[in-house]
Amino acid sequence: SQQGEEDPQALSIQEGENATMNCSYKTSINNLQWYRQNSGRGLVHLILIRSNEREKHSGRLRVTLDTSKKSSSLLITASRAADTASYFCATDVKSGGYQKVTFGIGTKLQVIP
Amino acid sequence: EAQVTQNPRYLITVTGKKLTVTCSQNMNHEYMSWYRQDPGLGLRQIYYSMNVEVTDKGDVPEGYKVSRKEKRNFPLILESPSPNQTSLYFCASSLISPSGSSYEQYFGPGTRLTVT
């Protein structure tokens, strides 16, 4: 079963607007990561936030984490056409001494020039 | 250049013909993993490995095998491929923190497999 679920599944905005994507998960985590995927290509890591952190910034990206609600959000400010991609959250869960990294289904973002 | 390589990039095969997809990383990462990506289902983990000779099942391991004899290589083996294994496959690797948590994963370019 999917640990992380992104919302919305698809998002279309105008260039310059902000884009917000949400991720909910089910069990306690060590960290949560966001990745980006251009069509059919490998995923690229954007940002990692640890379970004891609440907010993290990287350039135009802002990630928040609310462990009490088991949710995270990714905000892309001043979006550009080049931000068009799918965005995935991934959670890192300790499972029987080993770790599993589980990805959500993703949010498909389209930024219209 | 730090990278994860996969071969082949594209493969069309027939049901039952054994195949291997290779994965290699040059970053000395302990953690390696295989995923399959299908429309509407996101990425699902097939197998992962915490280190040499240490592998474990992910969420969808049926029909797949892996081995980790060397740190840099993590091949994915389909002993008897079936059409429901038609998918886009990704290999990934990362470091592991002393507490066992993963750092960012580096992904390969993907292998598009079609089983007829």
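Quick note on labels: first sequence line is chain A, next is B, and so on, each numbered from 1.
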- Note on the structure: If one checks every heavy atom of B:Y35 against chain A at 4.5 Å, the contacting part turns out to be side chain

- Please test B:D59 against A:F103 for side chain to side chain contact (heavy atoms under 4.5 Å, CB included), starting from the C-alpha separation and ending with a verdict. CA-CA 11 Å; B:D59 295 315; A:F103 285 79; over 6 Å; no

- Query: Yes or no on side chain to side chain contact (heavy atoms under 4.5 Å, CB included) for A:F88 and B:Q37, after CA distance, side-chain angles and deciding distance?
  - Reply: CA-CA 12 Å; A:F88 296 86; B:Q37 185 174 29; 3.5 Å; yes

- Query: Looking at CZ of B:R44 and OG1 of A:T102, how far apart are the two atoms once the value is rounded to the nearest 0.5 Å?
  - Reply: 12.5 Å

- Message: Side-chain heavy atoms under 4.5 Å apart, restricted to Ile/Leu/Val/Met/Phe/Trp/Tyr: what other residues fall into the cluster of A:L75, or is it alone?
- Response: none

- Item | Heavy-atom neighbours of B:K71 NZ exceed 12 at 6.0 Å | yes

- Message: Quick check on the hydrophobic clustering: are B:V52 and B:Y31 connected, directly or via other members, by side-chain heavy-atom contacts under 4.5 Å?
- Response: no

- Task: Look at atom CZ of A:R80 and say whether more than 12 heavy atoms of other residues, nucleotides or ligands are closer to it than 6.0 Å.
- Result: no

- Item | Value rounded to 0.5 Å, distance of CD1 in A:I105 from CG in B:D38 | 11.5 Å

- Could you walk me through whether B:L43 and A:L43 pass the side chain to side chain contact (heavy atoms under 4.5 Å, CB included) check? CA-CA 10 Å; B:L43 271 82; A:L43 279 71; 3.9 Å; yes

- Task: Answer yes or no: are there more than 12 heavy-atom neighbours, outside A:K56 itself, under 6.0 Å from its atom NZ?
- Result: yes

- Message: With side chain to side chain contact (heavy atoms under 4.5 Å, CB included) as the criterion, how do A:N31 and B:Y103 come out once you've worked through the C-alpha distance, each side chain's angles and the decisive distance to 0.1 Å?
- Response: CA-CA 9 Å; A:N31 65 54; B:Y103 292 119; over 6 Å; no

- Message: Do B:L76 and B:F74 sit in one hydrophobic cluster, given that two such residues count as connected whenever their side-chain heavy atoms are within less than 4.5 Å of each other, even indirectly?
- Response: yes

- Message: With rounding to the nearest 0.5 angstrom, report the CD to NE2 distance, B:Q105 to A:H45.
- Response: 9.0 Å

- More than 12 heavy atoms from other groups under 6.0 Å of CD on A:Q9: no

- Measure the spacing between CD of A:Q37 and CZ of B:F107 and express it to the nearest 0.5 Å. 8.5 Å

